[in-house]
A.B. asks: 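Take a look at this one; I'll ask things after.
Letters A, B, ... mirror the listed sequences (proteins, then strands); counts begin at 1.
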There are 2 protein chains.
Amino acid sequence: MTRLAPEVSYKAKAYQALKQAILKMDIYTTPEPVMLDERALSDKLGVSRTPIREAIAMLEQEGLVKALPRRGIVVVRRTKAEIVDMIRAWAALESMAARLITTMARKRDITALRDVFKDFGSDRLPQDHIEEYSRANIVFHQALISLSESPVLVDMTDDILLHVRGYRQLTIGRKERIAASLPEHLAMIEALEERDTDLAEKLARDHTLRLADYVEAHGQELFA
Amino acid sequence: MTRLAPEVSYKAKAYQALKQAILKMDIYTTPEPVMLDERALSDKLGVSRTPIREAIAMLEQEGLVKALPRRGIVVVRRTKAEIVDMIRAWAALESMAARLITTMARKRDITALRDVFKDFGSDRLPQDHIEEYSRANIVFHQALISLSESPVLVDMTDDILLHVRGYRQLTIGRKERIAASLPEHLAMIEALEERDTDLAEKLARDHTLRLADYVEAHGQELFA
DNA sequence: GGGTGGCATCTGGCATGCCAGATCAGAGTG
DNA sequence: CACTCTGATCTGGCATGCCAGATGCCACCC
């Protein structure tokens, strides 16, 4: 028999709940800062303030919120420069993942990456189904990183995506970039299959760096 | 006048204190797991358990400790595979830093990197002053990342170094690697000065990947 | 003596209550 | 009418106390 799970604590539940809630809300659309209230949260979640506070301490460590002593807890808004910076770090991690994949992953797992985009093609263009393609895009990148079999790379990119995702509607939602995106992905998969380490690394890096450049150039309106 | 500082909370102080304490102790030398006790800590630090618990929640989020419900708080020990994995992520971040530096940093700041090793040379070999060189090594890598002017890269590598540093005595302390280390560093600085983006990136990546390979091959004794 | 059951005790999880800083409305003042 | 001062109130920070799970010692039984 397996040791039974030490059922999840309120702290962990509160952490998950708050994280989901923060990610779901569009913090960049409202002009005034989004505030959290410990007491209101403890009311709503039906637990005392203690586990709520511990969950908030974790979120603060993660950079999602910031506690202003005696003033409130505010959901952190990233500046454009910070988002660009994060995407660059993402590019670094993903290119390393690509490198590792060429040396360790199984051919069939690499090929399976194509399935993510099986609903798209010349007869069904990504730019005509932006929402759906954006989701496929995220899935692809996460699947790619997973193939590296590196838990650290997976965790770090998850952290980054967490923060970058707040922009997904607007950063990915540009037709010109989306049109270029699919062929780039397919080229990456090919390089991985060919075990061309340097090329795969370069393609992965440049693909994501292009997103960074794009946000840097066109992301201004998000921060008005 | 500037808004005066909201003096540091006990939570923050406890976090810093615990972090320092954990990093100072050599968790890999003792056979049995290192445990923390909330009440003992609150006694020793002169505060109640509440801020201690919040600090521990943050450390847990950071991956330094893990709370086992009703059993205790244990300082996490990394496996060799995890350390190797972290070093690979480090390599990814550092190569991206190198890339950015070639496009943005000032020449004089790059050249200043040489000062870190000014006490070493053919008349004073690194392998004869291992402790000192190890410190210079860390300083060099952190200074390098800083030059990228990317807060995200800096923070992420700081996190990684936090975990990897527990091994500093044994991973860096091999004469054969240290002898090769200094020339590699100098080659990196040269490539940066020459604004040779691809070369600098490659040198930075390979330099750190070699450390990963080294730990993978020779780090076994650490985990006996 | 080996094995078992139970209780004392230790540990983290959580609820609660008080405190001080921060804010803001409204009375009081020139 | 503008400004200031004050206190009611709101918010997070912290201390304290109780609870239940986990452990380990020890009396007890066969």
A.B. asks: Starting from C1' on C:dG13, measure out to NZ on B:Lys66 and report it in whole angstrom.
C.D. replies: 15 Å

A.B. asks: Nearest whole Å is fine: how far is D:dG12 P from A:Arg70 CZ?
C.D. replies: 11 Å

A.B. asks: Ignoring backbone atoms, test whether B:Arg39 places a side-chain nitrogen or oxygen under 4.0 Å from the OP1 or OP2 oxygen of C:dG12.
C.D. replies: no

A.B. asks: Taking only the side-chain heavy atoms of B:Ser48 (C-beta and beyond), determine which of C:dG12, D:dT16, C:dT16 contains the nearest atom.
C.D. replies: D:dT16

A.B. asks: What's the shortest heavy-atom distance between A:Val8 and A:Lys13, and which atoms?
C.D. replies: O-CE, 4.0 Å

A.B. asks: Find the distance B:Asp43:CG to C:dC10:P and express it as a whole number of Å.
C.D. replies: 14 Å

A.B. asks: Set out, in order, the CA-CA distance, both residues' side-chain angles and the distance that settles salt bridge (charged side-chain N to carboxylate O under 4.0 Å, His left out) for B:Asp109 and B:Arg106, then state yes or no.
C.D. replies: CA-CA 5 Å; B:Asp109 290 333; B:Arg106 291 179 304 183; 3.0 Å; yes

A.B. asks: Is B:Leu36 touching bases, backbone alone, or none of the nucleic acid, heavy atoms closer than 4.0 Å?
C.D. replies: sugar-phosphate

A.B. asks: Whole angstrom is fine here: how far is it from CG in A:Leu59 over to P in D:dG12?
C.D. replies: 14 Å

A.B. asks: Taking only side-chain nitrogens and oxygens of A:Arg49, does any of them come within less than 4.0 Å of OP1 or OP2 of C:dT16?
C.D. replies: no

A.B. asks: Rounded off to whole Å, could you give me the CD1-to-P distance for the B:Ile73 and C:dC10 pair?
C.D. replies: 17 Å

A.B. asks: Under the criterion side chain to side chain donor-acceptor pair (under 3.5 Å), I'd like the reasoning laid out for B:Tyr15 against B:Glu62: C-alpha separation, chi angles, the key distance, then a yes or no.
C.D. replies: CA-CA 11 Å; B:Tyr15 171 74; B:Glu62 201 168 351; 2.5 Å; yes

A.B. asks: Which nucleotide sits closest to the side chain of A:Ser9: C:dG12, D:dC14, C:dC14?
C.D. replies: C:dC14

A.B. asks: Can you work out whether B:Asp37 or B:Thr50 has the more 5'-proximal nearest nucleotide on DNA chain C?
C.D. replies: B:Asp37

A.B. asks: Is it true that the side chains of A:Tyr10 and A:Thr50 contain a donor and an acceptor less than 3.5 Å apart?
C.D. replies: no

A.B. asks: If I take atom CD in residue A:Glu38 and atom P in nucleotide C:dA22, what distance separates them, rounded to the nearest angstrom?
C.D. replies: 16 Å

A.B. asks: By the 4.0 Å heavy-atom rule, please label B:Ile52 as base, sugar-phosphate, or nothing.
C.D. replies: nothing

A.B. asks: When the distance from CD of B:Glu54 to P of D:dG12 is rounded to whole Å, what number comes out?
C.D. replies: 12 Å

A.B. asks: Could you check A:Glu60 against B:Gln61 for side chain to side chain contact (heavy atoms under 4.5 Å, CB included), going step by step and ending with a plain yes or no?
C.D. replies: CA-CA 10 Å; A:Glu60 188 170 8; B:Gln61 179 70 13; over 6 Å; no

A.B. asks: Output the rounded distance in Å from NZ (A:Lys11) to P (D:dA20).
C.D. replies: 20 Å

